[in-house]
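Presented below is the structure to which this report refers.
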Amino acid sequence: ALFVCGAGNNGADGIAAARLLHKRYDVAIYLPFPPSSNLAKLQLERALSIGVPMLNTLGEADVYVDALFGSGLNRPL
């Protein structure tokens with residue numbers, strides 16, 4: 001599964017989910033933007049500390065998890 005995560009708290013949720021599924025499933029994280037919320041930064045630090053793979057480009061996956069934008073999106077996609 002490839003978790004495509006945004007910079008805010010919705011992205012933090014995606015990073016946390018990837019971290020929790022790591023070791024049981026083949027997961028990776030793609031961050032198109034650097035994390036900006038404190039929660040996203042914390043979750044990224046935790047995920048990296050246990051070896052969750054990070055991708056530099058959007059890659060192939062059987063499952064994509066969208067964690068880019070949350071319910072507070074206030075701009076055009």
Side-chain angles (χ1 to χ4, degrees):
L2 178 56
F3 288 77
V4 183
C5 302
N9 290 337
N10 195 56
D13 291 342
I15 296 167
R19 177 177 54 83
L20 292 170
L21 293 172
H22 178 63
K23 301 285 184 187
R24 286 188 263 170
Y25 298 96
D26 183 16
V27 301
I29 297 170
Y30 171 62
L31 293 170
F33 316 104
S36 61
S37 77
N38 288 336
L39 189 56
K41 291 174 186 176
L42 174 65
Q43 291 302 330
L44 181 58
E45 181 182 314
R46 289 178 176 176
L48 293 175
S49 74
I50 64 166
V52 178
M54 296 288 301
L55 299 181
N56 293 326
T57 60
L58 195 58
E60 290 287 321
D62 292 329
V63 175
Y64 294 91
V65 178
D66 172 10
L68 278 173
F69 303 111
S71 61
L73 181 65
N74 59 5
R75 63 179 188 248
L77 290 175

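Counting begins at 1 with the first residue of the sequence.
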Roughly how far apart are Gln43 CD and Asp13 CG, rounded to 0.5 Å?
8.0 Å
Is there side-chain contact between Leu42 and Asn38, with heavy atoms separated by less than 4.5 Å?
no
Side-chain heavy-atom pair Val4, Leu58 within 4.5 angstrom cut-off:
yes
State, with a plain yes or no, whether a side-chain heavy atom of Phe3 is found less than 4.5 Å away from one of Leu21.
yes
List the atom of Gly59, the atom of Leu55, and the distance in Å for their closest heavy-atom pair.
N-CD1, 4.3 Å
Hey, does the side chain of Asn9 reach the backbone of Gly11 with a donor-acceptor pair shorter than 3.5 angstrom?
no
Shortest non-hydrogen separation from Ala40 to Ala7 and the atoms involved:
CB-O, 3.6 Å
Taking every heavy atom of Pro32 against every heavy atom of Cys5, the minimum-distance pair comes out as CD-O, 3.3 Å
Any link between Ile50 and Leu39 through a network of hydrophobic side chains (Ile, Leu, Val, Met, Phe, Trp, Tyr) touching at under 4.5 Å?
no
Closest non-hydrogen atom pair, Asn56 against Tyr30
O-CE1, 3.7 Å
Sub-3.5 Å donor-acceptor pair from the side chain of Tyr25 to the main-chain atoms of His22, do we have one?
no
Closest heavy-atom pair and its distance - Ala18, Ile29:
CB-CG1, 3.7 Å
With rounding to the nearest 0.5 Å, note down the distance linking CG in Leu48 to CE in Met54.
6.0 Å
Cluster link Leu2 to Ile15, ILVMFWY, side chain under 4.5 Å
no
